[in-house]
Amino acid sequence: MTLLLTPVNQEASGVPLVLEEVHTKDIHLIIVSEDLSFFAHEHPEKAGKEYSVDFIFPFGGKFLLYCDVKPLNTAPAVIRKSVDVAGDSRDVQRYQQDVLSKTVDNISVQLDVQDLNAIRVTMKQGEAAIPVSLLGDFLGAKAHVVMINVDTKEYLHVHPMVHEEVLVLHSAFTATGLYRVWIQFLLNGLLYTLDYVVQVAELPGQGLHGHHH
């Protein structure tokens with residue numbers, strides 16, 4: 001399936017928007033299933049006035065598309081759309097508690113959420129710590145983090161800061177509740193995408209390094 005995206009200015013009779021490149025791409029398209037069990041991060045390419053990307057939805061049901069863009073000379077924006085995909089659906093996944101550690105291929109990544117305004121991300125290979133300096137450059141950053149509120153579907157896109165060889169997420173949460181969190185990074189030439197669940201019981205002070213919608 002080919003997804004066609006045409007960013008337009010609704011205040012100017014649908015005039016196509018000119019987009020600025022952000023983190024090496026004009027558009028960061030985040031695709032998730034409605035229950036947030038599925039996640040994809042795509043980059044549509046420009047063809048004329050449209051942007052297009054080939055994408056295969058993994059199953060039927062409702063999916064949410066977050067189109068993360070920066071129109072020329074204006075603030076970043078997130079355009080949210082939903083699509084109903086034909087085909088067999090699968091059981092809805094529900095989230096009830098924190099999931100703060102994930103391990104893939106002997107690479108373990110843990111979130112320290114004691115301070116929700118500065119979530120520390122620690123990485124290990126076996127028992128050995130992985131310094132941030134070993135991470136590759138992924139779309140102009142050491143990592144990309146997407147957070148979506150399970151109930152409100154509020155979207156946060158955070159680029160971690162580096163502090164003493166540890167990634168730190170300064171997250172601008174605006175709602176309490178459970179968030180699904182995906183961290184993407186390059187290590188040894190491989191792209192890792194790890195997913196988590198974070199409970200926000202009360203709102204911390206506002207962060208400075210994310211944007212939301």
Side-chain angles (χ1 to χ4, degrees), residues 1-5 25 27-44 51-69 76-105 107-113 116 119 121 138-139 143-160 167 169 171-185 190-204 207 210-213:
M1 176 184 298
T2 300
L3 300 176
L4 296 177
L5 308 172
K25 301 292 180 180
I27 297 178
H28 294 269
L29 177 65
I30 304 300
I31 301 173
V32 295
S33 55
E34 187 175 33
D35 68 351
L36 305 182
S37 64
F38 172 82
F39 169 90
H41 182 171
E42 301 289 332
H43 303 104
Y51 288 81
S52 69
V53 61
D54 292 329
F55 187 77
I56 299 175
F57 288 93
F59 48 86
K62 187 175 182 179
F63 286 78
L64 304 176
L65 280 59
Y66 297 86
C67 190
D68 199 335
V69 297
V78 178
I79 304 164
R80 187 169 110 188
K81 298 289 184 181
S82 64
V83 294
D84 291 307
V85 177
D88 294 335
S89 60
R90 70 180 187 188
D91 292 342
V92 173
Q93 189 161 334
R94 305 197 183 279
Y95 311 95
Q96 297 177 323
Q97 59 189 17
D98 285 333
V99 177
L100 301 177
S101 182
K102 278 294 176 76
T103 301
V104 176
D105 299 335
I107 305 295
S108 63
V109 181
Q110 186 159 345
L111 306 183
D112 179 349
V113 297
L116 285 173
I119 298 173
V121 182
F138 177 52
L139 301 174
H144 284 253
V145 179
V146 168
M147 305 180 178
I148 299 178
N149 187 289
V150 170
D151 293 323
T152 67
K153 303 301 188 286
E154 176 208 22
Y155 166 98
L156 298 165
H157 189 167
V158 182
H159 305 116
L167 293 178
L169 309 180
S171 309
F173 292 109
T174 60
T176 57
L178 289 170
Y179 280 78
R180 289 282 279 141
V181 177
W182 296 268
I183 297 178
Q184 294 187 290
F185 59 90
L190 298 175
L191 175 61
Y192 288 83
T193 301
L194 303 182
D195 65 302
Y196 303 84
V197 181
V198 173
Q199 171 78 49
V200 179
E202 59 183 37
L203 293 179
H211 57 274
H212 64 85
H213 189 78

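Remark: Q184 pairs with F39, H41, F138, L191, T193 by the side-chain contact (heavy atoms from CB on, under 4.5 Å) rule, at least two apart or across chains. For S108, there are no side chain to side chain donor-acceptor pair (under 3.5 Å) partners, not counting sequence neighbours. Residues that satisfy the side-chain contact (heavy atoms from CB on, under 4.5 Å) test with V83, not counting sequence neighbours, are F57, F63, L65, V85. Residues passing the side-chain contact (heavy atoms from CB on, under 4.5 Å) test with L190, sequence neighbours excluded: Y192. Residues satisfying the salt bridge (Lys or Arg N to Asp or Glu O under 4.0 Å) test with E34, not counting sequence neighbours, are K62. Taking Y51 as the reference, D26 meet the side chain to side chain donor-acceptor pair (under 3.5 Å) condition, with sequence neighbours excluded. By the side chain to side chain donor-acceptor pair (under 3.5 Å) test, Y95 pairs with R180, sequence neighbours left out. In this structure, the side chain to side chain donor-acceptor pair (under 3.5 Å) partners of T2, at least two apart in sequence or on a different chain, are D54. Shown here are the side-chain contact (heavy atoms from CB on, under 4.5 Å) partners of T152, two or more places apart in sequence or in another chain: N149, E154.
The two residues F55 and L3 come nearest to each other via the heavy atoms CB-CD1, 4.2 Å. Residue V150 comes nearest to L36 through the heavy atom pair CA-CD1, 3.8 Å, listed as atom of the first residue, atom of the second, then distance. Heavy atoms only, all atoms of each residue included: S33 and F38 are closest at OG-N, 3.0 Å. Residues Q199 and D98 share a closest heavy-atom pair of N-OD1, 2.6 Å. Taking each heavy atom of T176 and L203 in turn, the nearest pair found is N-CD2, 4.0 Å. Annotation for Y179 and T174: closest pair OH-N, 4.0 Å, computed over non-hydrogen atoms.
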*Could you please spell out the steps behind the side chain to side chain contact (heavy atoms under 4.5 Å, CB included) verdict for I27 and C67?*
CA-CA 7 Å; I27 297 178; C67 190; 3.7 Å; yes
*Determine, stepwise, if the pair H43 / L139 fulfils side chain to side chain contact (heavy atoms under 4.5 Å, CB included).*
CA-CA 11 Å; H43 303 104; L139 301 174; 3.4 Å; yes
*Please step through side chain to side chain contact (heavy atoms under 4.5 Å, CB included) for the pair L178 and D151, ending with a clear verdict.*
CA-CA 8 Å; L178 289 170; D151 293 323; over 6 Å; no
*Criterion side chain to side chain contact (heavy atoms under 4.5 Å, CB included) on L111 and I183, from CA distance to verdict*: CA-CA 10 Å; L111 306 183; I183 297 178; 3.5 Å; yes
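Inspection of the S37 and R90 side chains reveals an N or O donor paired with an N or O acceptor under 3.5 Å.
The side-chain hydrogen bond (donor to acceptor under 3.5 Å, both in side chains) test with D68 singles out one residue from H28, H157, K25, and that residue is H157.
One finds the CH2 atom of W182 at 11.0 Å from the CE atom of M147 (value rounded to the nearest 0.5 Å). Once rounded to the nearest 0.5 Å, the distance linking OG of S171 with CG of L156 reads 7.0 Å. Atoms OG1 and CD, on T103 and Q110 in that order, are 9.0 Å from each other to the nearest 0.5 Å.
When atom types are taken as modelled, the side chain of S89 and the backbone of G61 share no donor-acceptor pair closer than 3.5 angstrom.
In this structure the side chain of L5 never reaches within 4.5 angstrom of the side chain of V53, judged on heavy atoms. Considering only heavy atoms from C-beta on, V109 comes within 4.5 Å of F185 through its side chain.
The aromatic rings of Y66 and Y155 lie parallel to each other, their planes meeting at an angle below 30°, with 60° marking the opposite boundary.
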